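See below for the structure under consideration.
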Amino acid sequence: MTIMESQQTNKNNNTIILMVPFPAQGHLNQLLHLSRLMTTYNLPIHVITTTTHGRQATTRIPLSIPTIHFHHYPTPHFPSPQPDPNATIKFPTQLIPAFQSSMHLRQPFNELLSNLSRDAKRVVVIHDYLMGPVVQDVKLVDNVEAYMFSCCSAFASFCYMNEALAGKLKVDEELELLLKDVPSNDDCYTMDAWQFIASTDVSYKKFSSGTIYDASRVIEGKFIDLIQKEDDQKLWALGPFNPVEITQDSSHKRHKLFEWLDKQAPNSVLYVSFGTTTSISNEQIQELALGLEKSEQKFIWVLRDADKGDIFEGEVRKIELPKGFEERVGENGLVILDWAPQLEILGHPSTGGFMSHCGWNSSMEGMTMGVPIAAWPMHSDQPRNSMLITKVLNVGIYVRDWTQRKEMVSSKVIEDVVRRLMASNEGDEIRKRAAELGDRVRQSMANGGVTRLELDSFVAHVTR
Ligand SMILES: *[C@@H]1O[C@H](CO)[C@@H](O)[C@H](O)[C@H]1NC(C)=O
Ligand SMILES: *[C@@H]1O[C@H](CO)[C@@H](O)[C@H](O)[C@H]1NC(C)=O
Ligand SMILES: *[C@@H]1O[C@H](CO)[C@@H](O)[C@H](O)[C@H]1NC(C)=O
């Protein structure tokens, strides 16, 4: 064989992974972390996204892995309005123009796919379920397989599936009872959001070779099995995608908050953050601040407004804390006004609780790090994730459940919930269960662990 021939053979043996994330932080983050996981199998990984969101990803998610190739394409300019903190429905409607704009990736995607597929044995496209319109032409290329990434919990997916089938799924008595209490979809999405979601429906099952979940059998085995029974598609539960160990990158400067966190007693600090899509009203912020103060528990509070469609454009709302709040709290708490290293905070031994909106990215991070959750769902699948956490897994308690979504949460309620989670026997029990779950999740990612084996099997399948 000549050198050229052997190069040719090598080239043709390659399986290439092409990731197509949806451009909202929680979604983007999950597929980038799946990319990181897949590089451990020495597969070339390509990621396609818009120029704006590629920049967002690189500033926020420090993944300097040379075998991940980013392809950024400009999309038509889109309006990037401020989030509305006073809206009664908390879905981040301000992001919809950015979502719509990303649908223009269809043509560059097709071109990139055709370039990549020319020299590969197979191109494996992994796309967010909302990116169906961008990848719908995959069936025109022979050596391409597409896998849909479902970014919600298996529990939420199972509930949606059960509703779509009008409650006809066969379940055991215990689950039947539980399903009676599943939070309603009312107010989870705005009309615009429903319309957008409907517009992405391209019957992906016609070209899909399977579905990937950021779910773990040690957390949601029962629901993964139930979905598998109903769905004729191949299914892989590959979660958690987020790292399960905090590695100290020496080139990376440690955030100054750790100077404070290092000094706190084990499990004594509550971490408060509502992710990147929650905008809460000034009144609610005042109540939350007073509640945290009155609880007399240590806390780190990430106080940021929700993202705009383009996070690099325009002003960010200035949020005011109650008068004298920071002086009164003193050494008892930290308020962080910008991006915080969430996973590292959750993995720190001093952190003993997480007040969260229960977005799936954050929920998985909390459970991986064995931290119990005070659940305050805001929109989308979050009410269902909250139910999974508080009622199914018993690794958290509600700040307020979905039936009370229209009411202001008073400082008194916040004070009580924080004390229950951080300073009561009930809280200690929940913390113990959360820690045990975290251990099992981290073990599942070690060699021979249940998720690691499933990743092995996925990679073996796509490189067959
Ligand atoms: C998701 O996870 C990353 C770290 O893996 C974290 O930095 C980020 O805050 C999380 N994003 C959201 C939207 O919660
Ligand atoms: C929200 O309501 C407050 C009054 O409660 C008002 O001061 C503020 O301007 C409103 N914000 C927006 C963006 O409408
Ligand atoms: C595909 O390859 C051609 C020729 O190498 C190149 O000019 C073009 O920019 C590539 N397109 C994409 C979308 O990568």
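Order of appearance sets the numbers: ligands from 1, and atoms from 1 within every ligand. The model shown is predicted, which means the values in this text are computed figures rather than measured ones.
The number of heavy-atom neighbours closer than 6.0 Å to CD of Gln404, taken from other residues, nucleotides and ligands shown, is above 12.
With ligand atoms numbered from 1 in the order given, ligand 3 contributes 1 (C), 2 (O), 3 (C), 8 (C), 10 (C), 11 (N), 12 (C), 14 (O) to contacts under 4.0 Å with heavy atoms of Asn115. For ligand 3, the atoms sitting less than 4.0 Å from at least one non-hydrogen atom of Leu112 are 13 (C), 14 (O), numbered in the order shown with element in parentheses.
Counting heavy atoms from C-beta on, the side chains of Leu18 and Phe109 come closer than 4.5 Å.
A tilted orientation is assigned to the rings of Phe70 and His72, their planes being inclined by 30° to 60°. Classified by interplanar angle (parallel below 30°, tilted 30° to 60°, perpendicular above 60°), the ring pair Phe325/Trp301 is perpendicular. In this pair, Phe78 and His53 present their aromatic rings parallel. The plane angle is below 30°, not in the 30 to 60° band. Relative ring orientation between His379 and Phe91 is described as perpendicular, the plane-to-plane angle rising above 60° on a 0-90° scale split at 30° and 60°.
Here Phe99 pairs with Phe22, Phe196 under the ring pair (Phe, Tyr, Trp, His ring centres under 6.0 Å) rule; sequence neighbours left out.
Protein heavy atom at the shortest distance from atom 13 (C) of ligand 2 is Pro85 CD, 3.8 Å. The shortest contact between atom 10 (C) of ligand 2 and any protein heavy atom is with Asn86 ND2, 2.5 Å. For atom 7 (O) of ligand 2, the nearest non-hydrogen atom of the protein is Asn282 ND2, 5.0 Å. The nearest protein atom to atom 9 (O) of ligand 3, hydrogens excluded, is given as Glu111 OE1, 4.5 Å; this is a heavy-atom distance.
For atom 1 (C) of ligand 3, the nearest protein heavy atom lies under 4.0 Å away.
When heavy-atom distances to ligand 2 are checked against a 4.0 Å cut-off, Ser281 has no atom that comes that close, whether in backbone or side chain.
For ligand 2, the polar-atom distance check against Glu283 finds a nitrogen or oxygen pair separated by under 3.5 Å.
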